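Any value given below was found using the heavy atoms of this structure, including those in side chains, with hydrogens, waters and symmetry copies removed. All of these numbers come straight from a predicted model, not from anything done at the bench.
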Amino acid sequence: MNGGEDAPMSITVKDVEHVANLARLELSEGEKEQFTGQLNAILKYAEKLNELDTEQVEPTSHVLPVTNVMRDDVVKESVTVEIALKNAPDEEDGQFKVPAVLE
């Protein structure tokens, strides 16, 4: 894709063809033109971000503060084998018995 430091970036049909080739996509001429227009519209919209003064904004990885919301790992009583197998259609040696799927 082309564009310099301050030059507006734009996508060409050739760029769309290149990406389609990398993705192993076959596009019609109409689709190539459509995607070229759509991608250029996205880039034009994204260029609006360059108008913002971000000098006083600290870089972040998330918009909102992220904290660990997981509970403490506490050992608790588990389900017994008997309870787990209580409604099983078939069991053998304390395990669920299922039909064989290999021949």
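- Residues passing the side chain to side chain contact (heavy atoms under 4.5 Å, CB included) test with Gln38 are Gln34, Phe35, sequence neighbours excluded.
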Under 3.5 Å donor-acceptor pairs involving side-chain atoms of residues 49-57, not counting sequence neighbours:
residue	atom	partner	partner atom	Å
Asp53	OD1	Glu55	N	3.2

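- Both Met9 and Val16 sit in one connected hydrophobic cluster of ILVMFWY residues. Membership requires side-chain heavy atoms under 4.5 Å apart, directly or through other members.
- Connectivity analysis of hydrophobic side chains (ILVMFWY, heavy atoms under 4.5 Å, direct or indirect) links Leu22 to nothing; its cluster partners are none.
- Listed by first and then second residue, the salt bridge (Lys or Arg N to Asp or Glu O under 4.0 Å) pairs that reach into residues 22-31 are Glu29-Lys32, sequence neighbours excluded.
- Distance OG/Ser10 to CG/Asp15: 7.5 Å, rounded to 0.5 Å.
- Residues forming a side chain to side chain contact (heavy atoms under 4.5 Å, CB included) with Asn21 (at least two apart in sequence, or on another chain): none.
- Note: Ile42 CD1 to Ile11 CD1 = 9.0 Å, rounded to the nearest 0.5 Å.
- Residues forming a side chain to side chain donor-acceptor pair (under 3.5 Å) with Gln95 (at least two apart in sequence, or on another chain): none.
- With sequence neighbours left out, Ala20 forms a side chain to side chain contact (heavy atoms under 4.5 Å, CB included) with Leu25, Leu27.
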Anything under 3.5 Å between a donor and an acceptor, one on a side chain of residues 80-93, the other on a protein residue two or more places apart or in another chain? List them.
residue	atom	partner	partner atom	Å
Thr80	OG1	Ile83	N	3.2
Glu91	OE1	Gly94	N	3.4
Glu92	OE1	Lys97	NZ	3.1

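- Met70 belongs to no multi-residue hydrophobic cluster, having no ILVMFWY side-chain contact under 4.5 Å with any other such residue.
- Panel note: side chain Glu17, backbone Thr12; no donor-acceptor pair is recorded below 3.5 Å.
- The backbone N or O of Gly37 lies less than 3.5 Å from no partner atom in the side chain of Asn40, so there is not a single donor-acceptor pair.
- Leu102 belongs to a hydrophobic cluster whose remaining members, ordered by chain and number, are Val101; membership requires side-chain heavy atoms of ILVMFWY residues under 4.5 Å apart, directly or through intermediates.
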